[in-house]
Structures are given as C-alpha cells and as structure tokens.
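In what follows, a structure is listed as structure tokens, so that the remarks can point back to it.
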Amino acid sequence: MPKRSKYCGELRASDTGNAVVLEGWVRKSRNFGGCLFVDLRDREGVAQVVFKPEVAGEPLMKRAGELRPEWVVRIGGEVLSRGENVNANMPTGEVEVAAASLEVLSRSEVPPFPVEDEINATEVTRLTHRALDLRRPPVQRMLLERSRITRIIREYFADNGFVDVETPFLTRSTPEGARDYLVPSREDPKGRFYALPQSPQIFKQLLMVAGFDRYMQIVRCFRDEDLRADRQPEFTQVDVEMSFVEPEDVRAVIDGLFQLILKKIAGHEITLPVPCMTYEETISRYGVDNPDVRFGLELLDLTDAVRGGGFGIIDSAIEAGGEVCGLRLEGVTFSRKQVDALAEVVRTHGAKGLLWLRKEPGGWAGPAKKLAPEALEAAGEAAAAAEGDTILFVADSRMTARTSMGRLRVHLARQLGIIPENSWGLVWVTDFPLLEHSEEEDRWVSMHHPFTSPRPEDMDRLTSDPGSVRARSYDIVLNGQEVGGGSIRIHDREMQTRIFRALGIGDEEAEEKFGFLLRSLRYGAPPHGGIALGLDRLVGILLGAESLRDVIAFPKTTSASCLLSGAPSTVAADQLAELGLMIEGGVKE
RNA sequence: GGGGUGGUAGUUAAGUCGGUUAUAACGCCGGCCUGUCAAGCCGGAGGCCGCGGGUUCAAGUCCCGUCCACCCCGCCA
C-alpha cells in the first residue's frame, strides 16, 4: 500500500472524491454489525473511517472488526461527503474515508487510560505512561505550541544579530547560589567532581570578553533544590548577554521579544516600552517583587493613621520600627470562617495575625474597633473606606507586613475573581538590592549573583550600609510570575574584588573559585550585561498550563524523580568503584 | 527540614459507629445490531483496599511506623 498522503486532521470537504492513505492510531471503533466506524487519530486531528461491506468486502470487514484502541494502522480509501450525517463538532466532520484497504502496523495492549482530550487519570498514572499521555491531543498541543515559541525566540535573536553558542554542562562547582548537581570524575586523582550548571553565567561573560558582542542560547540549567509547582530541578533558560549596554538596552531587546511572542501566541498587542518599577516601589505597592499588575487592590500604609491608637499589638509593632499594611475590599464582608482562612494565609508568610475593620452605618465593626476614635477615623480616611468596605491589615516588621499582605492580595484576587481573563500584566522590576543579609550564615550574600554591578552612586555605602546598595538589575514579571532576571555585570577587576570582599570571599578563595573569570577581566573586558528568561514558566503562562509539568515532555516529580524512567537509580558496584565512591551505610533499595 | 491533602478493580471514585460475599461508573471480554461519532441493548470477567507492624472475636475502616504523589513554608545567587 502507498504511504500517507494526508494527515487525518487535515481532511476537508475539498478532498471529497480523492483517494487518500491515512496513517495513525485507532481512537475508537463503533461496530454496527453491518457497517463499522473507526476514528483515526494523528498529530493533526481525527478523521472518521467507515468500513462498508459493499466497498470493503467480507475479509476486510472481518479484519476491521478486530481493530482495538491505539492500534497503529494504514488505511486507504476514497473521501466521501457525509451528507446528512455531518459531525459539526469535528474539523474533519464533513467527510469520511470509505476504507478499501487496511494494514495493521502495530497492535496495542489495553491502555491504562483512554487517549482522549478529557481524562480523569491522576498525574502519577499519566507520568508513568508519559508516551501515552503525550499522545493525547491537549498535551501534545502544549508541546507543539512550545516548539512554535522557541522557534519565534530563535528567529528573533538571530534577526537581531545574536550568536548562538553552546556552553559546557560538565563544569565546576562554584560557591554561592543553589545546591549543585554533582557528577563524579573517573580520572585520577579521585574525589573530584563536575557540577551541572545552575546557569551558564560565567561562560556567557567570557563570550563577551571574547568579543562575540551578542550571545543567546536556549539552554538547560540544573539546581538541586526542593521543588514547587512552578519549579523543576532541570529547567530551560533563554540565556542572553550583550556588550556595551546599559540596562535599558537589554530591556529594549526583551521588550521587543515579548511584544512579538504575545502577538503571535496570544494575539495580544502591547505598547513599548514595557513599564518599569523600582524594587522599592513594587514592595511598597504590591508587597512582593513579582507584582501581578493585572488588577489594582494595592497595599495601603496605615502606620501613621493608627499610630498611638491604644491597640497593644499595633502600638508595639510600630514602636519596634514596623509598619501597618492594609488592603481595602470594596463592599466585601467576610464571615468569621473566611477571616480565619485569610489569617492563615498571612500567618504562613510570617505575620502573627490578621486584623480587620468594617465600616458600618453606626461606626466600625471588627476586632480593631477598640482603636481610639481618631485612629479609626484616620484609618478609614487613609483607606478611603466607604460604608460596607472591609479593611484587612497586618502590623509587623515592614517586610513581614508587606510580604504577607502582598500574598494575601493575590490570594484574595483569585478568591474574589477580580483578575481579568485573557489579560497580560507585564512589568519590569529594577534596582534590586545588591546584597541581602543571610541569617543562616550571618553574612551578606548576593541577591542576584556575585557578578552583578552595583549602582556606582551607592558604592560609598558598600561597607557602612551594605543593604542599601542597589544593583543595576532588572526582573521581568508576567502575570505575577518572574519570567526573567538579569543585570549589568561587573567588568572591572577591582570592582569585582571589592564585591567578593563584601561577600566575605577572600582574595585567595576568589582566585581559586572564580580565577577563570577574574583572569579574563584583566585582558580587556567590555561593559556587558544580560538576562535569562525562564522558558518553561513563560510557555506555561502563555499557554495557560496549570503546572510546569504540562509544558515539559518528561518532567520530574516534587521529589525530583522521574516516574517514567525510574531515575535516580542505584548503579552497579563496579561503577562506584571506578569512581572511587562509597555509599555511607551501604546502598538502600 | 517542617506543615497539609491523598493512596480501594485497568482507570476514576464511594465505602456509615469496626461486623454477611468490598460497591459504582468508565474501560475490558463475549453476543446482537447498516449511520454512529460519550453509539445502543444483553451477558461476563476483573481486588496485595500502597507497604509493615499493632489493638480486636473481627480492620479497607482504629493506632504506630514507613513509602509514594500533589500543594505550601523554609530553600531556590
């Protein structure tokens, strides 16, 4: 029999009368004893094949009757109009193929779940049989769309003069940042390890020193940290670096990319430039560094209004240098049970509790009505509260109050359904602090990474007030999720040394761990900067995926295992011996 | 590392106060059926109740431990 002449999903009324050959998977068959219908599926869709005794003949009817779901077949026949029996729910529903020949290419056991759009199999079942799951049209569509997106990205950067260069996966472990995935080396001396890259950061900087001017790579990165719905141990970055640039140059390139992707994938037009907000501003207005700007409901600073209002918890929080941060919900009343649930949200983010006030005809309701009358008045005014409005608030340290209320803001927006459908909130957050204090290690650590350039005007505070030094950094946030982050890098060796010292990395250690970067800075490093976009996350948001796992062909579970392959697995004793490794306490099964 | 939810036919779920032979739907197998497309009708098979221990005359059900999955906190430059 000749090979495929058309995809199943491509059949249309215009094909009527033509002889076609289809190849695909049997989705379902409906046997009427006399005639028999088979739905045949391939990547592009489903077509109905009909076996009729007068066309197919007895032996073929008998073989067609044996077909079962997920058998792989090649079917030849004539495309006929369905006449009265058109199925308006299928793109191919105007026609059917009257089978004249049938070749069974492969049989299938009964699949563990039906290969259909809507199934109620659990994720464990789906991931264990991922090939079958990926055969389902909605799952396949995600990866087909992902492929379209990466193609748009590659073309965009190629059109703008970026060079695609590959960087090593087997590289060296560096201090700072996430836990590395380690790969033992077999070579002498034993006891040496490669690390899989958390990102190609240093390599792309070396490419700038080398003079490539503009680099991009769609590259896998690895971080051995605990997982979340939006975090996989191996993930893909769109990695970008440019020479002779300021932050706005990098942002302009990424702005253009987002404009193109949103238009082509979501059919959404945006005007450029994408708005910028400083870190300080976003913390103050949204309480988080990844603001969801698709809706208002901004945070209120009620500190001055309720100061000295005679409410113990509030007064002591303010006296300790804290803040009172609130949200005003217009015309919303919460039940006791609902308030408890909301309080639980702020508590998981460190707040001690949630207070509330509701403006009623005769005055105020809620636990905070014990505040002095003038404080109540001032709070109502600061929140611009009208009758029927509820004010929720937290009194705590500034960051705890802001962060917990920022999380509550997003929680409430979802709960109250005030996030507009099919809207795209894109914003840059700039000027992050260069350093943050690590309580665990009791030292200053990089918020971004140690190669981030500080803003020069803040450098005089590097030792006196390290937390106030701002970085020349920028994150891009889409619908409340960080989808990328970058910075202008340090291209001056002296500056790099000063930053290492501020991080508590001595000259010797710096030389040993980062020597290959520092050395390159001695031989003519151009000013440079760049960004890395989280491709999985970006695709997930664009396609409305519920989990990152939906846009990754072979994802890992929350304990970083692969249900499909069984990785990670034990290895043979001689493999360990060759590497000079011993497992403490022996290998556990 | 901590908290929460879940695990019962191939799949998804129900299973009361601990009590007879563990239910249902879909799927599967057999039969009927010439216009279905969630096909229909009749019949049938199918169980390590995650795993291990304990309490009890008796455990899917109660207790302890453990494994796995998912969600969250910590963590993730």
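Convention: sequence-line order gives letters A, B, ...; per-chain numbering from 1. Predicted, not measured: the structure shown is a model, and the values here were computed from it.
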Picking from B:U12, B:C73, B:C37, which would you name as closest to the side chain of A:D39? B:C37

Taking atom types as they are modelled, is there a donor-acceptor pair under 3.5 Å from the base of B:U34 to the side chain of A:R30? no

With the six-membered base ring of B:U36 as reference, does the ring of A:F37 sit under 5.5 Å away with planes under 30° apart? yes

Of all the choices, B:C37, B:A39, B:G27, which nucleotide is nearest to the side chain of A:F32 once you look at every atom? B:A39

Here's a test of your reading of the structure: between A:R82 and A:L227, which maps to the more 5' nucleotide of RNA chain B? A:R82

Whole-angstrom distance between B:G15 and B:C62, as gauged at atom C1': 16 Å

Counting side-chain heavy atoms from C-beta on, which of B:G35, B:C71, B:G74 comes nearest to A:R228? B:G74

Any side-chain N or O of A:S561 under 4.0 Å from OP1/OP2 of B:A69? yes

With a 4.0 Å cut-off on heavy atoms, is A:K28 in touch with a base, just the backbone sugar-phosphate, or nothing at all? sugar-phosphate

Under 4.0 Å, counting only non-hydrogen atoms across every strand here, what does A:R549 touch: a base, just sugar-phosphate, or nothing? sugar-phosphate

Can you tell whether the side chains of A:K52 and A:E58 come within less than 4.0 Å, N to carboxylate O? no

Please give the distance between the C1' atoms of B:G44 and B:A69 as a whole number of Å. 34 Å

Consider the side chain of A:D226, meaning its heavy atoms from C-beta on, and name the nucleotide among B:A39, B:G1, B:C70 that approaches it most closely. B:G1

Measure up the A:F514 and A:F500 rings against each other and bin them: parallel (under 30°), tilted (30 to 60°), perpendicular (over 60°). parallel

Counting only side-chain heavy atoms from C-beta out, which of B:U11, B:C75, B:C71 sits nearest to A:A121? B:U11

Integer angstrom distance from the C1' of B:C72 to that of B:G10: 33 Å

What contact category does A:T558 fall into here, base, sugar-phosphate, or nothing, at under 4.0 angstrom with non-hydrogen atoms? base

At 4.0 Å (heavy atoms only), tell me whether A:S199 reaches a base, stays on the sugar-phosphate, or touches nothing. base

Please work out if A:E109 contacts a base, only the sugar-phosphate, or nothing of the nucleic acid, heavy-atom cut-off 4.0 Å. nothing

Angle class for the A:F516/A:F203 ring planes (parallel below 30°, perpendicular above 60°, tilted otherwise)? tilted

Taking 4.0 Å as the cut-off, does a side-chain nitrogen or oxygen of A:T122 come that near to OP1 or OP2 on B:G7? no

Ring centers of A:Y194, A:F169 separated by less than 6.0 Å: no

Mind checking the C1' distance from B:A13 to B:G27? Whole angstroms is fine. 14 Å

Using a heavy-atom cut-off of under 4.0 Å over every strand shown, decide if A:S559 touches base, sugar-phosphate, or nothing. sugar-phosphate

For A:F113, report the nucleic acid contact type (base, sugar-phosphate, nothing); a contact means any heavy atom under 4.0 Å. nothing

Integer angstrom distance from the C1' of B:G4 to that of B:A45: 40 Å

Quote, to the nearest angstrom, the C1' distance that separates B:G46 from B:C37. 29 Å

Give A:R68 one of three labels, base, sugar-phosphate or nothing, depending on what nucleic acid heavy atoms sit under 4.0 Å from its own. sugar-phosphate

For A:P114, answer base if it contacts any base atom (sugar-phosphate contacts may also be present), sugar-phosphate if it contacts only those atoms, and nothing otherwise; contact means non-hydrogen atoms under 4.0 Å. nothing

Go through the N and O atoms of the side chain of A:R223 and the base of B:C75, and report whether any donor-acceptor pair is under 3.5 Å. no

Charged N to carboxylate O under 4.0 angstrom, A:E44 versus A:K6? no

Where each residue is assigned the nucleotide of RNA chain B containing its nearest heavy atom, which of A:V445 and A:N89 is assigned the position nearer the 5′ end? A:N89

Under 3.5 Å side-chain donor-acceptor pair for A:R461 and A:S468: yes

Any base atoms under 4.0 Å from A:R407, or only sugar-phosphate, or nothing? Heavy atoms, all strands. sugar-phosphate

Closest non-hydrogen atoms of A:R68 and A:G65, given as atom of the first, atom of the second and distance, are NH1-O, 3.3 Å

Answer yes or no: does a side-chain N or O of A:T125 lie under 4.0 Å from OP1 or OP2 of B:U12? yes

Roughly how many Å apart are B:U21 and B:A9, using the C1' atom of each and rounding to a whole number? 16 Å

Regarding the side chain of A:E96, the nearest nucleotide among B:U36, B:C75, B:A69 is B:U36

When we call it a touch if two heavy atoms are under 4.0 Å apart, what does A:P69 touch: a base, just sugar-phosphate, or nothing? sugar-phosphate

Under 4.0 Å, counting only non-hydrogen atoms across every strand here, what does A:N31 touch: a base, just sugar-phosphate, or nothing? base

A:E54 has a side chain; which of B:A39, B:U11, B:U34 sits nearest to it? B:U34

